[in-house]
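What follows is a single structure, written as structure tokens, with notes after it.
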Amino acid sequence: MKIKRQKQAKKTISFYKYNFSFREPFQILVDGTFCQAALKNKIQIKEQMPKYLMGEVQLCTTSCALKELETLGKQLYGAKIILQRFQVRRCPHMKSPVPASDCLLSMLEDSNPHHYFVATQDHALTTGLKAVPGVPLFYIILNTIVLDKPSPASLDHVQAAQLGQLVSPAQQRSISGLKEEQGLAAKDGGERPGRKRKRKQSNPNPLSCLKKRRKKSGVPTPPLRKTEEGEGEGEGGAKRKRSRHKKRRTEGGDVPAATANA
């Protein structure tokens, strides 16, 4: 049974670590009812809590819980002695104390931003804490400390976050931290000035460094044609045409005298 409880506790702790950003040392808020049950069942809270959670813990309480035990008389004197050994966290009821159940509920607010575990035997307080997402609960059953399974409110919150319906408080804090680092956080006036990015000095475009070609004035002259072999050229490169005279012959085959003398 002990191994089974530790496996279940390890699974539950992993759930709160992954979805609600719980980290060591785990902070455990303890009230007088839990101390009274531990005293009755001879449970050493300081020794057994770190073993059960397999990590470092910080046991703490509030001044309202201590004053409640003082008003209840000698019957809870032993629980008061145990509770006084724990760290006392500040609560908003220093001047006017309230019942321990109301004080612990106010410490957790709406989303348990300080990641508290709560150890109590108060049924009314347990019912109120299960309505707050991300609150692990301890109670004592049969001489053993038991870590309760995640409440339906915690499961619904995680499912809604996975479906993208809302952003978990841990994610909101991480996003706001990243915005502050990048200088994107909005100021009071609503402006969102971002950091001006310095442009890197780049080399000029090599094509822009080339010299422009100058256009030649005048009409381009056509290329000269090659002259045939044996043909002479006159002045200005013009070809000289040869004139050929046809020789007329008579019927007898003789050449006329005019042409012969020529």
Side-chain angles (χ1 to χ4, degrees), residues 5 9 12-13 16 20-151 153-154 169:
R5 285 198 309 272
T12 304
I13 293 168
Y16 287 107
F20 295 96
S21 301
F22 277 70
R23 295 290 181 269
E24 295 184 26
F26 301 121
Q27 301 181 91
I28 305 174
L29 278 174
V30 186
D31 68 348
T33 60
F34 191 84
C35 292
Q36 180 66 19
L39 183 62
K40 182 179 179 181
N41 293 285
K42 298 180 181 180
I43 295 174
Q44 299 293 332
I45 299 175
K46 280 190 174 182
E47 294 179 2
Q48 294 190 18
M49 277 292 188
K51 293 179 182 179
Y52 184 59
L53 294 179
M54 293 167 287
E56 187 179 354
V57 301
Q58 286 183 355
L59 299 170
C60 53
T61 186
T62 62
S63 59
C64 294
L66 288 170
K67 290 184 178 181
E68 184 180 53
L69 291 179
E70 291 178 358
T71 57
L72 291 176
K74 295 182 179 180
Q75 295 180 356
L76 298 176
Y77 180 77
K80 176 187 172 183
I81 296 299
I82 296 173
L83 199 62
Q84 285 177 345
R85 298 174 183 174
F86 305 153
Q87 299 178 7
V88 180
R89 297 297 168 87
R90 290 182 179 180
C91 63
H93 318 108
M94 296 295 292
K95 295 182 180 180
S96 56
V98 296
S101 57
D102 296 338
C103 182
L104 295 183
L105 281 173
S106 67
M107 292 287 290
L108 299 177
E109 300 178 3
D110 295 333
S111 59
N112 193 12
H114 301 290
H115 307 104
Y116 284 121
F117 288 74
V118 179
T120 181
Q121 296 292 108
D122 191 345
H123 179 71
L125 177 59
T126 303
T127 304
L129 292 174
K130 286 184 177 181
V132 181
V135 181
L137 295 174
F138 285 107
Y139 50 86
I140 295 174
I141 293 180
L142 299 176
N143 303 329
T144 56
I145 299 174
V146 178
L147 178 61
D148 195 11
K149 295 181 180 180
S151 63
S154 299

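All values below come from the heavy atoms of this structure, side chains included, with hydrogens, waters and symmetry mates left out. Keep in mind the model is a prediction, meaning the values are calculated, not measured.
Annotation for Ile45 and Pro50: closest pair O-CD, 4.2 Å, computed over non-hydrogen atoms. When every heavy atom of His115 is checked against every heavy atom of Ser21, the shortest pair comes out as NE2-O, 3.7 Å.
Between the side chain of Asp148 and the backbone N or O of Leu137 there is no donor-acceptor pair closer than 3.5 Å. Checked by atom type and distance alone, the side chain of Thr12 never pairs as donor or acceptor with a backbone atom of Lys149 at under 3.5 Å.
The side-chain contact (heavy atoms from CB on, under 4.5 Å) test with Leu76 is passed by exactly one of Thr71, Leu69, Leu83: Leu69.
By the salt bridge (charged side-chain N to carboxylate O under 4.0 Å, His left out) test, Glu24 is found to be paired with no residue, residues two or more places apart in sequence or in another chain being considered.
No side-chain heavy atom of Phe34 sits less than 4.5 Å from a side-chain heavy atom of Ile28. In this structure the side chain of Pro97 never reaches within 4.5 angstrom of the side chain of Ser63, judged on heavy atoms. Looking at Ile13 and Phe26, their side chains come closer than 4.5 Å, going by heavy atoms from C-beta outward. In this structure, the side chains of Ser106 and His93 come closer than 4.5 Å at one or more pairs of heavy atoms.
Here the CD atom belonging to Gln36 is positioned 13.5 Å from the OH atom belonging to Tyr77, to the nearest 0.5 angstrom. If you take NE2 on His114 and CE on Met107, they are separated by 7.0 Å, rounding to the nearest 0.5 Å. Taking CD from Gln27 and OH from Tyr116, the interatomic distance works out to 5.0 Å, rounded to the nearest 0.5 Å.
By the neighbour-count criterion of 12 heavy atoms within 6.0 Å, atom CZ of Arg90 is sparsely surrounded, having that number or fewer from other residues, nucleotides or ligands. Heavy atoms from other residues, nucleotides or ligands lying under 6.0 Å from CD1 of Ile141 number more than 12. For Gln87, the CD atom sits in a packed shell: over 12 heavy atoms of surrounding residues, nucleotides or ligands are nearer than 6.0 Å.
With no hydrogens or angles considered, a side-chain donor-acceptor pair links Thr120 and Asp31 at under 3.5 Å.
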